[in-house]
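Throughout, numbering of the chain's residues begins at 1 and tracks the sequence. Any value given below was found using the heavy atoms of this structure, including those in side chains, with hydrogens, waters and symmetry copies removed.
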Amino acid sequence: MNQLIIGHYGHTLEDIKPVLEAILQTNSRVSYLLENQSKERSDDIFNIHPASITRLDLFKFLQKLHLEFLPLAKCRSLKLNYESHIPLAHGAEVMADAVSLGRMISNLIQNAIKYTVSDGDVFIRLLNQGDDLVIEIEDTGKGIAPHEIPNIFLPFYRANTQSSGSGLGLYVAMMIAKAHGLQLLVDSSVQGTKFTIIFPYRVNKPYGLDGTIQVSEGEKNALLKQCQISEQD
């Protein structure tokens with residue numbers, strides 16, 4: 001907020017309006033999560049919330065998230081870059097639970113900012129791979145050790161035991177991806193880490209939800225069992 005006051009984002013209402021809108025959107029999402037936290041069961045992240053399902057423009061959606069996280073990145077002396085490879089083969093319209101989608105992408109951006117050192121870069125990209133629509137969240141941090149990668153999506157797992165946090169951010173991101181029928185991939189080296197979200201192409205339909213929950217009951221029960229074991233340890 002101090003950066004807004006001293007003019008880092010401009011000096012006119014027109015200059016700072018996008019940042020104010022991003023702050024308002026952040027406050028609305030935080031309020032929603034707080035209001036529903038007491039009602040949220042341990043398996044609630046597997047579920048799509050019908051009231052939140054909407055068609056949205058992913059290009060504009062990512063633009064708002066980029067603005068939302070700019071102050072945090074600047075506070076940590078990082079560059080947060082948004083790149084879109086326009087035109088996209090089949091547009092950027094997706095059908096999604098907007099709250100959950102925002103939570104998934106926000107978790108990945110927060111992680112990228114958290115584990116990137118000062119003067120580093122974080123990239124948010126929207127592009128095509130063939131006909132599929134793809135989001136990439138890439139950082140220039142220290143990377144994830146190869147032996148840690150198979151575990152990072154497990155509940156309560158933290159590759160860096162010195163870091164703060166619940167260890168649920170990537171687990172939640174993976175479950176939201178699965179519920180939407182998306183792929184969430186990770187590639188990491190000493191030069192940094194890249195998370196890739198793939199929206200598979202569907203002929204004559206928007207990307208994203210197709211009216212079904214993609215997490216099978218067997219997979220759901222196995223992951224919840226892992227979660228309960230982790231809570232007991």
Side-chain angles (χ1 to χ4, degrees), residues 9-10 13-33 36 45 47-73 79-113 122-139 172-185 194-214:
Y9 298 96
L13 179 58
E14 186 177 355
D15 290 335
I16 65 174
K17 184 179 178 181
V19 179
L20 294 174
E21 288 176 343
I23 292 171
L24 179 62
Q25 186 175 19
T26 302
N27 289 341
S28 298
R29 185 164 69 245
V30 170
S31 297
Y32 176 88
L33 292 173
N36 289 275
I45 54 175
N47 300 320
I48 299 297
H49 303 280
S52 298
I53 295 175
T54 185
R55 285 178 184 247
L56 56 89
D57 184 325
L58 198 55
F59 173 77
K60 293 179 180 178
F61 193 78
L62 291 176
Q63 269 187 329
K64 289 181 179 178
L65 285 175
H66 173 246
L67 285 171
E68 183 178 320
F69 283 99
L70 268 178
L72 178 60
K79 292 180 182 177
L80 181 61
N81 309 278
Y82 177 39
E83 302 172 355
S84 181
H85 295 226
I86 299 293
L88 296 162
H90 304 284
E93 186 177 78
V94 302
M95 181 74 75
D97 175 341
V99 173
S100 294
L101 186 67
R103 187 176 181 182
M104 172 181 65
I105 299 169
S106 293
N107 284 358
L108 298 176
I109 297 173
Q110 284 173 331
N111 266 20
I113 292 174
V122 174
F123 299 90
I124 304 169
R125 300 189 185 98
L126 181 64
L127 63 149
N128 284 125
Q129 287 182 359
D131 288 319
D132 296 339
L133 189 61
V134 172
I135 298 172
E136 292 180 348
I137 311 294
E138 185 172 8
D139 64 59
V172 169
M174 177 60 81
M175 292 304 97
I176 292 172
K178 286 182 177 290
H180 281 76
L182 313 178
Q183 289 180 271
L184 176 56
L185 310 174
K194 179 169 70 176
F195 285 91
T196 303
I197 305 166
I198 300 175
F199 293 73
Y201 175 64
R202 296 184 296 132
V203 180
N204 297 324
K205 294 181 181 179
Y207 294 99
L209 286 173
D210 63 358
T212 63
I213 302 298
Q214 300 292 329

Quiz item: Is the shortest heavy-atom distance from the side chain of Ile135 to the side chain of Leu108 under 4.5 Å?
Solution: no
Quiz prompt | Separation of Leu80 CG from Leu67 CG (nearest 0.5 Å) | solution = 9.0 Å
Quiz item: For the residue pair Asp97 and Ser100, what are the closest heavy atoms and their distance?
Solution: OD2-OG, 3.0 Å
Quiz prompt | Pair Ile124-Ile137, side chain to side chain contact (heavy atoms under 4.5 Å, CB included): steps then yes or no | solution = CA-CA 5 Å; Ile124 304 169; Ile137 311 294; 4.0 Å; yes
Quiz item: Would you say Leu133 and Asn128 make side-chain contact, with heavy atoms under 4.5 Å?
Solution: yes
Quiz prompt | Side chains of Leu88 and Ile86 in contact at under 4.5 Å (non-hydrogen atoms) | solution = yes
Self-check item: Exercise: identify the closest heavy-atom pair between Leu65 and Ser106
Solution: CD2-OG, 3.6 Å
Self-check item: Gap separating the CZ atom of Arg103 from the CD atom of Gln110, nearest 0.5 angstrom
Solution: 10.5 Å
Self-check item: Shortest non-hydrogen contact from Leu182 toward Pro200
Solution: CD2-CD, 4.2 Å
Quiz item: Would a 4.5 Å heavy-atom cut-off, applied to side chains only, mark Ile197 and Met104 as touching?
Solution: yes
Quiz prompt | Within-4.5 Å side-chain heavy-atom neighbours: Ile109 and Ile113 | solution = yes
Quiz item: Is the Phe199 ring parallel, tilted or perpendicular to the Tyr207 ring (thresholds 30°, 60°)?
Solution: perpendicular
Self-check item: Which residues share a side chain to side chain contact (heavy atoms under 4.5 Å, CB included) with Leu185, sequence neighbours left out
Solution: Gln183, Thr196, Ile198
Quiz item: Which atoms form the tightest heavy-atom contact between Met174 and Leu184, and what is the distance?
Solution: CE-O, 3.6 Å
Exercise. With the side chain counted from C-beta on, respond yes when Phe123 and Glu83 share a heavy-atom pair under 4.5 Å apart, and no when they do not.
Key: yes
Self-check item: Rounded distance (nearest 0.5 Å) linking atom CG of Asp132 with atom NE2 of His90
Solution: 8.5 Å
Quiz prompt | Distance-minimising heavy-atom pair for Val134 and Glu136 | solution = CG1-CG, 4.0 Å
Self-check item: Minimum heavy-atom distance Arg202-Gly208, with the two atoms named
Solution: NH2-O, 3.5 Å
Quiz item: Do Phe61 and Ile105 have side chains that get closer than 4.5 Å, going by heavy atoms?
Solution: yes
Quiz item: About how many Å separate CZ of Arg125 and NZ of Lys194, when rounded to the nearest 0.5 Å?
Solution: 6.5 Å
Exercise. Check whether any side-chain heavy atom of Leu62 lies under 4.5 Å from a side-chain heavy atom of His66, and answer yes or no.
Key: no
Exercise. Using the side chain to side chain contact (heavy atoms under 4.5 Å, CB included) rule, take Ile176 and Leu101 through it: C-alpha gap first, then chi angles, then the decisive distance, then the call.
Key: CA-CA 7 Å; Ile176 292 172; Leu101 186 67; 5.6 Å; no
